[in-house]
Amino acid sequence: MLPRAKDLVTEDDIKAWVVAAMEASMPALVTDLREAVLFAMQEHKKVLAEQTIVMRTTMEEQSRLMIKTLEVQGRTVSRLIAFGALSGVCSFMYRDLEHKPHAKYFLALGYGTGVLGIIW
């Protein structure tokens, strides 16, 4: 009968073969790994550059839109303040003109003109 493989090959033999194979293939593995990492880093650099440009463009557009929004809001607030002031002044003047109906018409005309002025 033939001897069993288990009796001829020990675990130490297997460890020695694996270590020898790793040592023999290590330079090729390191070279391949280095090339793969360099390629991945170059591609990552390209992606980052593209994303930076896209993000900067998006931020610039958002800034432009925010400036426009703030301008519109500022104009609206200014108009509201002016309208409130005009209404307040005209209401005081209207009370003072109780017995002067023609003056009330001129005040109403002035108020309407003021409102149109505020709107445009």
- [ ] Please list, chain by chain and in numerical order, all residues satisfying side-chain contact (heavy atoms from CB on, under 4.5 Å) with L86, sequence neighbours excluded.
- [x] C90, Y111, V115, I118
TODO: Check side chain to side chain donor-acceptor pair (under 3.5 Å) between R75 and all other residues, then give those that pass, not counting sequence neighbours.
DONE: none
TODO: Applying salt bridge (Lys or Arg N to Asp or Glu O under 4.0 Å), name anything that partners R34, two or more places apart in sequence or on another chain.
DONE: none
Task: salt bridge (Lys or Arg N to Asp or Glu O under 4.0 Å) against E60, all qualifying residues, sequence neighbours excluded - done: R56
Open item on the list: List the residues meeting salt bridge (Lys or Arg N to Asp or Glu O under 4.0 Å) with E50, not counting sequence neighbours, and say none if there are none.
Closed with: none
Task: For Q73, all residues meeting side-chain contact (heavy atoms from CB on, under 4.5 Å), sequence neighbours excluded - done: T69, L70
Open item on the list: Suppose clustering is done on Ile, Leu, Val, Met, Phe, Trp and Tyr with side-chain heavy atoms closer than 4.5 Å. Which residues sit in the same group as M41?
Closed with: L33, V37
Task: Co-members of L107 in a cluster of I, L, V, M, F, W and Y side chains, linked at under 4.5 Å - done: V89, M93, Y94, L97
Open item on the list: Strictly by salt bridge (Lys or Arg N to Asp or Glu O under 4.0 Å), give each pair with a member in residues 80-98 just once, sequence neighbours left out.
Closed with: none
Open item on the list: Could you work out, with side-chain contact (heavy atoms from CB on, under 4.5 Å) as the rule, every residue matching V18, not counting sequence neighbours?
Closed with: I14, M22
Task: With sequence neighbours excluded, residues passing salt bridge (Lys or Arg N to Asp or Glu O under 4.0 Å) with K46 - done: E43
TODO: Please write out which residues are connected to L38 in a hydrophobic cluster, directly or through intermediates, given that two of Ile, Leu, Val, Met, Phe, Trp, Tyr count as joined at side-chain heavy-atom separations below 4.5 angstrom.
DONE: none
